[in-house]
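Excluded from the calculations below are hydrogen atoms, water molecules and symmetry mates; all remaining heavy atoms, backbone and side chain alike, are included.
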Amino acid sequence: MRAVIIHSSTCIAVEDRTPRAPETGEVRIRVVGAAVNPSDPFLWRLIGSGSIQPGLIPGLDAAGIIDVVGPNETRLSVGQRVMAVVDARRHEGGAQAELVVVPSVSVAPLPDDVDLIEASTLPMTGLTAIEGLRMLDLPPGSTLAVTGGAGQLASFLIPLAKRVGIHIIADARAEDAELVRGFGADDVVPRGESFVDAVLALAPGGVDAIFDTANLTRAVLPAIREGGAIAVIRGWDDQGAPDRRVAVHAVDVGNAMADTASLELLAAQTATGHIRLRVLDTYPPEAAADAYIRMEGGGLRGRLVITF
């Protein structure tokens, strides 16, 4: 099988690897699409340092067709269209390969009308949204502010939060405002230095929580009420807890990779159109480095996908 291999911080290649058969509790997927996430160029630049060794197959997301199931598998079957979240740091690597063996619990079936390349953009980012909302644990009627409103994570987060009755204030550039409203945001405020003032104008006293997808951290704390919370996706800084009484939740999608029910919810929400999938561009595996460099540049409105 062909697989994207990271050899060094300057070298990404495509090589043939011998696929293995799945064991009990696993299935093997013939990959159609594997999304490129911000973590992929991050791993690329760190390769060879610490626990990230050369020869890594990157990729956290895959969608395709099951070609082999492990012994005693009853939920999934050969020929089934599926998506999966994959741990790229495991010994055999991640999702950017023609054949990928993954735990069955990390796989969800897809309806026939969901495009496989588009579906490859959903698992990891969708689980991040669900895990962050779980940690914030906001009751219906709460107000949640979302930074990075036009980004991929926010595009999944907003409809998932609206589904459980949460009021959403999201930021966006002027040219992205209608896009963000289309995700389901109740209010859209300008992105940038005026964010806090704009949020407080809509929610005097502060919002119940912020889901900080744009990594603004301390800069947005004044927009949160006393006793509120913030969910961050790249960890908190080393300066200690906020001065104000605000709970910080560092979202780790690794805690949700075996959350089959949430993967199935994401598939269902996509099938009904509540979650919209956005593929910006596709790349053959031989051009993976080009996709990584483009991802590093930021500002993308949709995912890049490696296709096989």
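- The two residues I158 and F183 come nearest to each other via the heavy atoms CG2-O, 3.5 Å.
- None of D67, V31, I29 except one satisfies the side chain to side chain contact (heavy atoms under 4.5 Å, CB included) rule with L99; the exception is D67.
- A salt bridge does not link R17 with E98: none of the charged nitrogens is closer than 4.0 Å to a carboxylate oxygen.
- Minimum interatomic distance between Q152 and S155 (heavy atoms only, all atoms of both residues): O-OG, 2.6 Å.
- S262 approaches L127 most closely through the heavy-atom pair CB-CD2, 3.7 Å.
- The existence of a salt bridge linking R294 and D281 is confirmed by a sub-4.0 Å separation between a basic side-chain nitrogen and an acidic carboxylate oxygen.
- With hydrogens and angles disregarded, a donor-acceptor distance shorter than 3.5 Å links the side chain of T128 to the backbone of M124.
- Using modelled atom types, no side-chain atom of R2 and backbone atom of E15 make a donor-acceptor pair closer than 3.5 Å.
- Under a hydrophobic-cluster definition in which Ile, Leu, Val, Met, Phe, Trp and Tyr are linked whenever side-chain heavy atoms come within less than 4.5 Å, directly or via other members, V101 and I65 are assigned to different clusters.
- Using a cutoff of 4.0 Å between basic side-chain nitrogens and carboxylate oxygens, R191 and D176 are not scored as salt-bridged.
- For the pair V107/L76, a side-chain contact is recorded, criterion being any heavy-atom separation below 4.5 Å from C-beta on.
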> What do the steps show when you test E26 against S104 for side-chain hydrogen bond (donor to acceptor under 3.5 Å, both in side chains), and what is the final call?
Replying inline: CA-CA 5 Å; E26 297 178 324; S104 301; over 6 Å; no
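- Side chain of Q80 to backbone of S77: a donor-acceptor contact under 3.5 angstrom is found.
- Using a 4.5 Å heavy-atom cutoff, the side chains of T217 and D212 are in contact.
- Using a cut-off of 4.0 Å between Lys/Arg side-chain N and Asp/Glu carboxylate O, E175 and R301 are scored as not salt-bridged.
- A donor-acceptor pair is defined here as one N or O able to donate and one able to accept, closer than 3.5 Å; no such pair exists between the side chain of T307 and the backbone of T282.
- A salt bridge does not link R278 with E118: none of the charged nitrogens is closer than 4.0 Å to a carboxylate oxygen.
- Not a single donor-acceptor pair under 3.5 Å links the side chain of D208 to the backbone N or O of G228.
- Residues D186 and I168 approach most closely at OD2-N, 2.8 Å, considering heavy atoms.
- L160 is not listed as a side-chain neighbour of L157, based on a closest heavy-atom distance of 4.5 Å or more.
- In this structure, the side chain of W44 engages the main chain of S8 through a donor-acceptor pair within 3.5 Å.
- Annotation for V220 and I210: closest pair O-CD1, 3.5 Å, computed over non-hydrogen atoms.
- Under a 3.5 Å cut-off, the side chain of T121 and the backbone N or O of I117 do not form any donor-acceptor pair.
- Judged by distance alone, the side chain of T147 and the main-chain N or O of T213 form a donor-acceptor pair under 3.5 Å.
- Taking 4.0 Å as the cut-off between side-chain N and carboxylate O, R20 and E92 count as a salt-bridged pair.
- In this structure, R303 and M295 have side chains that are in contact, with non-hydrogen atoms separated by less than 4.5 Å.
- Side-chain heavy-atom separations under 4.5 angstrom define the hydrophobic clusters, and the remaining members of the one that includes I57 are I5.
- In terms of heavy-atom proximity, G149 sits nearest to D171 at N-OD1, 2.9 Å.
- The distance from atom CD of E131 to atom CG of D252, rounded to the nearest 0.5 Å, is 7.5 Å.
- Between the R30 side chain and the G79 main chain, no donor and acceptor come within less than 3.5 Å of each other.
- Looking only at distances, no side-chain donor or acceptor of D40 sits under 3.5 Å from a matching main-chain atom of P58.
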